[in-house]
Engineer: 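Quick one: this structure, given as C-alpha cells, is what I'll be asking you about.
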Amino acid sequence: MVGGGTKTGFVSALKVVGVVGLCLVSGVVGGSLTQHFGTSSYSLSYADFVSIMLTAVSLLMTVLAIFLAVVGFLGWTTIEQKVHGKTEDFLASGFEKGGRLDRVVVEMIERKTEEIMFRGIQPVGDDDLNGNEEDKGDDGGAV
C-alpha cells in the first residue's frame with residue numbers, strides 16, 4: 001500500500017524529466033540547424049513586417065475569441081445547472097407543510113374561497129329582519 005504512492009510519484013517525476021529532456025534536445029537540434037542552414041541574410045520590407053504583425057494579431061484575436069466562446073458556453077451551462085438545482089430545492093422545500101410557498105398557496109385559496117362563497121350575497125336590511133313582505137316581489141323573494 002505504501003509503495004503505491006511512491007510508484008505514482010516516481011512516474012510523475014519521470015514524465016517531468018522526460019519533458020525537460022525533450023525540450024533540451026529540441027533546442028540543441030534547432031540551434032545546430034540554424035548555424036548550418038541559416039547563414040543567408042534575409043531582409044524584410046516595412047510592408048512585409050506590418051503584414052506579418054497584423055496577421056499574428058488577428059490570429060491571436062481569433063484564438064482568444066474561440067477560447068472565450070468555449071469558456072462562456074461552459075460557464076453558462078454551469079450557471080444554468082446551478083439555477084435549475086436551486087429552483088428544484090426551493091420548490092421542494094417551499095411546498096412542504098408549513099413552507100413559504102405552502103402558506104402563500106393556502107392563504108390565496110382561502111381568500112378565493114371566501115370571494116366565491118360570498119359572491120352575489122347582499123347585506124340584509126332592517127326591514128327584511130322584521131319580515132316585511134312588501135319588499136319581496138311576485139316570486140316570493142326568490143332570485
Side-chain angles (χ1 to χ4, degrees), residues 1-131 135-143:
M1 288 289 177
V2 176
T6 312
K7 186 176 182 180
T8 57
F10 177 72
V11 172
S12 298
L14 187 61
K15 286 181 183 179
V16 169
V17 169
V19 169
V20 169
L22 283 175
C23 289
L24 288 174
V25 168
S26 66
V28 168
V29 170
S32 65
L33 287 177
T34 314
Q35 285 180 352
H36 294 293
F37 299 111
T39 56
S40 60
S41 64
Y42 296 106
S43 63
L44 283 176
S45 68
Y46 184 71
D48 292 337
F49 176 74
V50 170
S51 175
I52 291 170
M53 286 297 123
L54 288 176
T55 303
V57 168
S58 65
L59 182 65
L60 286 173
M61 298 265 305
T62 303
V63 169
L64 180 65
I66 291 171
F67 175 74
L68 288 177
V70 169
V71 168
F73 177 74
L74 294 176
W76 180 259
T77 305
T78 304
I79 290 170
E80 186 179 18
Q81 289 173 350
K82 286 183 179 181
V83 167
H84 184 69
K86 292 285 186 180
T87 304
E88 283 182 351
D89 292 342
F90 178 75
L91 290 175
S93 66
F95 281 118
E96 290 178 354
K97 188 72 175 171
R100 292 177 7 189
L101 295 174
D102 181 54
R103 283 183 270 139
V104 170
V105 171
V106 168
E107 288 173 5
M108 185 172 47
I109 290 173
E110 289 173 351
R111 188 175 62 245
K112 288 293 183 182
T113 304
E114 286 179 5
E115 287 177 11
I116 292 171
M117 195 167 58
F118 294 118
R119 184 181 299 156
I121 297 176
Q122 300 296 324
V124 179
D126 292 335
D127 296 338
D128 292 334
L129 288 176
N130 295 332
D135 289 337
K136 295 180 182 177
D138 294 335
D139 58 358
V143 179

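What you see is a predicted model, and the numbers here were worked out from it, not measured in a lab.
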Engineer: Could you work out, with side-chain contact (heavy atoms from CB on, under 4.5 Å) as the rule, every residue matching Asp89, not counting sequence neighbours?
Structural biologist: none

Engineer: Can you name the residues that form a side-chain hydrogen bond (donor to acceptor under 3.5 Å, both in side chains) with Glu88, not counting sequence neighbours?
Structural biologist: His84

Engineer: Could you walk me through whether Met108 and Val104 pass the side-chain contact (heavy atoms from CB on, under 4.5 Å) test, one step at a time?
Structural biologist: CA-CA 6 Å; Met108 185 172 47; Val104 170; 5.5 Å; no

Engineer: Side chains of residues 52-73: which donor-acceptor pairs under 3.5 Å do they make with residues two or more places apart or in other chains?
Structural biologist:
residue, atom, partner, partner atom, Å
Thr55, OG1, Ser51, O, 2.8
Ser58, OG, Leu54, O, 3.2
Ser58, OG, Thr55, O, 2.8
Thr62, OG1, Ser58, O, 2.8

Engineer: In Å, rounded to the nearest 0.5 Å, how long is the span from CD1 of Ile116 to CZ of Arg111?
Structural biologist: 11.5 Å

